[in-house]
Protein chains: 2
Amino acid sequence: MATHAHHHHEHHGHDLADAAQKALTAAGEQWTDMRADIFSVLATFDKPASAYDIADLVSQKRGKRVAPNSVYRILDLFVANNLASRVESANAYLANAHPGCLHDCIFLICDSCGSATHIDDDSLTRNVRKAAEAAGFNAVRPVVEVRGTCADCD
Amino acid sequence: MATHAHHHHEHHGHDLADAAQKALTAAGEQWTDMRADIFSVLATFDKPASAYDIADLVSQKRGKRVAPNSVYRILDLFVANNLASRVESANAYLANAHPGCLHDCIFLICDSCGSATHIDDDSLTRNVRKAAEAAGFNAVRPVVEVRGTCADCD
DNA sequence: AAATGAAATGATATGTTGTAACGTGGTACC
DNA sequence: GGTACCACGTTACAACATATCATTTCATTT
C-alpha cells in the first residue's frame with residue numbers, strides 16, 4: 001500500500017482478536033467474553049458496522065438479547081483503546097487491523113457498496129493538525145474521511 | 001486569515017441572506033419564504049445547528065409548527081447548492097459564509113463550547129483527494145473535521 | 001378567470017442512532 | 001462475611017433522519 005510510510009503487521013481472524021486482547025489487557029482493561037464476542041463480530045464485517053448491527057449478531061451468537069447500550073459501552077472502550085475506529089460520516093465502527101499502533105486514520109467510504117478502506121498518511125494528517133493549530137485550535141482528533149466510489153464500483 | 005490563499009467576500013446578516021438568495025436563484029431554484037426563514041435562522045447560529053434546533057426556532061418565528069422533515073429537505077437543498085455545510089461529526093449544519101464559492105471545507109469543532117470554525121486550505125484538501133485517488137478511489141466529497149478545543153476554551 | 005401541472009410544503013408515521021439512570025451479579029481484598 | 005469495584009443487564013427515553021402520501025401554491029396555458 002503506497003501510502004504506508006512504514007510497515008504494519010496486518011492481523012486477521014483469530015490472530016487479530018488475539019492482538020486486540022493483548023492490546024486491551026496491556027492497557028489494564030479486562031478481556032471478557034462479552035468483549036471478545038463483540039470484537040469478533042465487529043471483525044467479521046468488511047464494511048463499517050453500526051452498533052445495532054453488532055447488537056443483533058451478538059444476540060444471535062449468544063442466544064440472548066444484548067442491548068445496544070452494552071454494545072456502545074464496549075465500542076467506546078475499543079475506540080478509546082485503539083482497537084476500533086468510529087467512522088463519523090457513517091455512524092458506524094470498524095475493527096482496527098493493527099491495534100497498538102496509533103494513527104490518525106483516513107477512511108475512504110464507497111457510497112455505492114458501502115465498503116470502507118483505511119489508508120494511513122501521517123504527513124497528511126500531520127498537516128491537518130498543523131492547520132488546526134495555526135488557527136489557534138488545540139487539535140485532539142482529526143476526522144478525515146472521503147466519500148466517493150471505490151475502484152470496484154467505478 | 002492566513003489559511004486563505006485567495007480573497008473571500010465574507011457576508012454577514014442581511015447581506016449574507018442576500019448572497020444566498022442570489023446563489024440559489026442563479027442555480028434555478030426558488031427562494032421561498034420558508035427557505036428564507038430557514039436560512040436566516042441557520043445564519044444566526046454561531047455553532048452548528050441541528051435540524052431540530054432549526055425546526056423549533058422557525059416554528060416559533062412563524063407561530064406554526066414546522067416539521068423536521070421540511071427542514072431537512074431544505075437543508076439538503078442548501079448543502080447541494082453550497083449555501084450550507086453539514087458537519088458530519090456533529091450531525092448539524094452551518095451556513096456558508098461565502099455562497100457561490102466552492103471549497104472542500106475544513107471544520108474545527110470545539111468539544112468544550114461547541115463552536116465551529118471554518119478554515120479553507122485547498123492544498124490540504126487537494127492532498128486528501130490525491131491520497132484517495134492514489135488508492136483507486138473516486139473522491140467525491142472529502143470530510144475533514146477536527147475535534148479539539150478552541151483558543152477561547154484552552 | 002378557470003384548468004392544468006409542477007414544485008414546495010404539510011402531516012403523520014416510523015426507522016435509526018445514541019444516552020441516562022439504576023439494578024444485578026461476580027470477584028478481589030481486607 | 002462485609003465492602004468496594006467493575007462489567008453487564010434492563011428500561012426508558014432523547015436525538016437524528018427518512019418514507020409516504022396529502023395539500024397548497026404558483027406559474028402557465030387556454
If only side-chain N and O atoms of [X] are considered, is one of them under 4.0 Å from the OP1 or OP2 phosphate oxygen of [N]?
X       : N      : result
B/Arg65 : C/dA11 : no
B/Ser70 : C/dT9  : no
B/Lys64 : C/dA11 : yes
B/Thr32 : C/dT9  : yes
A/Arg86 : C/dG18 : yes
B/Asn69 : D/dA19 : no
B/Arg73 : C/dA7  : no

In this structure, how many angstroms lie between the [atom2] atom of [N] and the [atom1] atom of [X], rounded?
X       : N      : atom1 : atom2 : value
A/Asp33 : D/dA7  : CG    : C1'   : 12 Å
B/Asp37 : C/dT9  : CG    : P     : 10 Å
A/Asp53 : C/dG15 : CG    : C1'   : 13 Å
A/Trp31 : D/dC8  : CH2   : C1'   : 16 Å
B/Leu75 : D/dT18 : CG    : P     : 11 Å
A/Tyr72 : D/dA14 : OH    : C1'   : 12 Å
B/Glu29 : C/dA6  : CD    : P     : 16 Å
B/Ile74 : D/dT18 : CD1   : P     : 15 Å

Both A/Tyr52 and A/Leu77 contact DNA chain D. Taking the nearest nucleotide for each, which residue is further toward the 5' end? A/Leu77

Among residues at least two apart in sequence or on other chains, which ones pass ring pair (Phe, Tyr, Trp, His ring centres under 6.0 Å) with B/Phe137? none

Got B/Leu77 and B/Leu83 here, is their nearest side-chain heavy-atom distance under 4.5 Å? no

Quick one: are B/Glu145 and B/Val143 in side-chain contact, heavy atoms under 4.5 Å? yes

Mapping B/Val66 and A/Ser50 to their closest nucleotides on DNA chain C, which lands nearer the 5' end? B/Val66

Salt-bridge test for A/Glu88 and A/Arg141: reply yes if a basic N is under 4.0 Å from a carboxylate O, no otherwise. yes

With respect to A/His98, which candidate in A/Leu16, A/Asp120, A/Asn82 satisfies the side-chain contact (heavy atoms from CB on, under 4.5 Å) definition? A/Asp120

Which of these nucleotides, C/dG10, C/dA8, D/dT10, is closest to any side-chain atom of B/Arg62? C/dG10

